[in-house]
Amino acid sequence: MKTYKLTAFEANGEKIVDEAFQAEHDEAAKELAEKLLLEKNLLDKTHRCTSPSGKLLLFHS
């Protein structure tokens with residue numbers, strides 16, 4: 001398992017989510033990040049998900 005990072009922001013730049021989570025691979029991490037954002041009603045907020053190597057897997061501004 002690898003550790004991925006999900007971060008979401010308010011329009012003013014304030015961090016509202018800053019979570020690490022585990023996934024088998026990048027595609028699974030992307031799906032899990034989208035699910036977490038949906039559960040927290042944050043899909044319309046600025047967000048990003050990055051891999052352990054720094055790869056940007058998911059981004060919305």
Side-chain angles (χ1 to χ4, degrees):
M1 290 279 225
K2 298 178 184 176
T3 301
Y4 294 82
K5 186 81 169 202
L6 176 64
T7 312
F9 304 89
E10 288 289 0
N12 66 4
E14 176 188 349
K15 254 187 226 180
I16 50 179
V17 170
D18 191 12
E19 290 185 18
F21 63 94
Q22 300 277 313
E24 292 275 337
H25 49 77
D26 290 355
E27 192 58 37
K30 184 178 175 181
E31 290 174 13
L32 184 54
E34 288 173 334
K35 181 181 175 190
L36 289 168
L37 290 165
L38 182 63
E39 288 173 358
K40 296 174 186 280
N41 199 28
L42 297 174
L43 282 174
D44 292 333
K45 300 285 185 182
T46 298
H47 59 264
R48 67 178 176 222
C49 179
T50 55
S51 72
S53 65
K55 183 178 174 184
L56 190 60
L57 304 176
L58 184 65
F59 180 78
H60 174 74
S61 63

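Not measured: the values here are computed from a predicted model.
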Let me know which of L57, L56, L58 forms a side-chain contact (heavy atoms from CB on, under 4.5 Å) with T50.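 The option that passes is L56.
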All pairs passing side chain to side chain donor-acceptor pair (under 3.5 Å) where residues 3-17 contributes a residue, at least two apart: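 Counting only pairs at least two positions apart or across chains, the side chain to side chain donor-acceptor pair (under 3.5 Å) contacts touching residues 3-17 are T3-Q22, Y4-D26, K5-D18, E10-K45, K15-D18.
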What residue pairs, at least two apart or across chains, pass side chain to side chain donor-acceptor pair (under 3.5 Å) with a residue in residues 27-41?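 Listed once each, the pairs are E19-K40.
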To the nearest 0.5 Å, how far apart are NZ in K2 and CD in E24?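 So the gap between those two atoms works out to 9.5 Å.
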What distance separates F21 CZ from L32 CG, expressed to the nearest 0.5 Å? 5.0 Å
Using the rule that two of Ile, Leu, Val, Met, Phe, Trp, Tyr join whenever any of their side-chain heavy atoms come within less than 4.5 Å, decide whether L42 and F9 are in one cluster. no
Hey, any chance L43 and F59 share a hydrophobic cluster, counting ILVMFWY side chains that come within less than 4.5 Å of each other, even indirectly? no
